[in-house]
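Computed from heavy atoms alone, side chains included, the values below leave out hydrogens, waters and symmetry copies. Numbering of residues begins at 1 and proceeds along the displayed sequence.
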Amino acid sequence: LEIGRQEPEKGLRRCNHMVLQRGDFVDVTITPEILRVGPIKGARSRVQFQLRRIIQLKPRAQTQVCCVPFYAKYYLTL
């Protein structure tokens, strides 16, 4: 798993996973894996996603909410 952050002057830079926080604006790269489970007759498919890369584009402190979540309308109408 590659973890990095985008810095204005230095570009992409590798970093420790401890830098990432909830609320950070990130770019994520995943690879889907399709698995066939069971015997040939009646086999089922399962899809798993493997995380490949996380890049922190902006830390939580530099981001701001610019829209209302879709579920907010339910709270406003109560």
Side-chain angles (χ1 to χ4, degrees):
L1 177 64
E2 294 178 45
I3 301 174
R5 67 179 179 198
Q6 180 76 34
E7 295 185 352
E9 287 111 29
K10 299 178 183 176
L12 279 178
R13 201 171 162 191
R14 282 187 178 257
C15 67
N16 191 314
H17 71 278
M18 299 296 287
V19 172
L20 300 175
Q21 296 180 13
R22 185 178 195 160
D24 288 349
F25 188 65
V26 297
D27 178 56
V28 179
T29 304
I30 61 166
T31 302
E33 294 180 347
I34 301 171
L35 306 172
R36 193 172 178 168
V37 180
I40 294 175
K41 275 189 170 180
R44 292 180 286 163
S45 297
R46 287 181 43 190
V47 178
Q48 296 179 340
F49 297 99
Q50 189 171 35
L51 193 57
R52 296 287 183 188
R53 183 175 78 163
I54 303 173
I55 303 295
Q56 179 192 53
L57 301 176
K58 284 197 181 250
R60 177 175 59 179
Q62 294 177 5
T63 58
Q64 62 187 41
V65 177
C66 63
C67 57
V68 178
F70 74 93
Y71 56 82
K73 67 180 178 183
Y74 299 111
Y75 294 115
L76 297 174
T77 58
L78 293 178

How about Leu35: does its CG atom have over 12 heavy atoms from other parts shown lying under 6.0 Å from it?
-> yes

Verify, without hydrogens or angle tests, whether Asn16 (side chain) and Met18 (backbone) share a donor-acceptor contact under 3.5 angstrom.
-> yes

Could you state whether Ile34 and Ile30 fall into the same hydrophobic cluster, counting links through intermediate Ile, Leu, Val, Met, Phe, Trp or Tyr residues with side-chain heavy atoms under 4.5 angstrom apart?
-> yes

Can you measure from CG (Asp27) to CZ (Arg53) and round to the nearest 0.5 angstrom?
-> 6.0 Å

At their closest point, which heavy atom of Arg52 faces which heavy atom of Thr31, and how far apart are they?
-> NE-OG1, 3.0 Å

Following the transitive rule for hydrophobic clusters with a side-chain heavy-atom cut-off under 4.5 Å over Ile, Leu, Val, Met, Phe, Trp and Tyr, establish whether Leu51 and Leu20 coincide in one cluster.
-> yes

CD on Glu7 to CG on Leu12, rounded to 0.5 Å | 9.5 Å

For Arg36 and Ala43, which heavy atoms make the closest approach, and how far apart are they?
-> NE-CB, 3.5 Å

Following the transitive rule for hydrophobic clusters with a side-chain heavy-atom cut-off under 4.5 Å over Ile, Leu, Val, Met, Phe, Trp and Tyr, establish whether Val37 and Val47 coincide in one cluster.
-> no

Of all heavy-atom pairs between Ile55 and Gln6, which one has the smallest distance, and what is that distance?
-> CG2-N, 4.2 Å

To the nearest 0.5 Å, how far apart are CZ in Arg14 and CD in Glu2?
-> 5.0 Å

Where Gln56 and Val26 come nearest, the two heavy atoms and their spacing | CA-CG1, 4.0 Å

Taking all atoms of both residues into account, what is the closest heavy-atom pair of Glu33 and Gln50, and its distance?
-> OE2-OE1, 2.9 Å

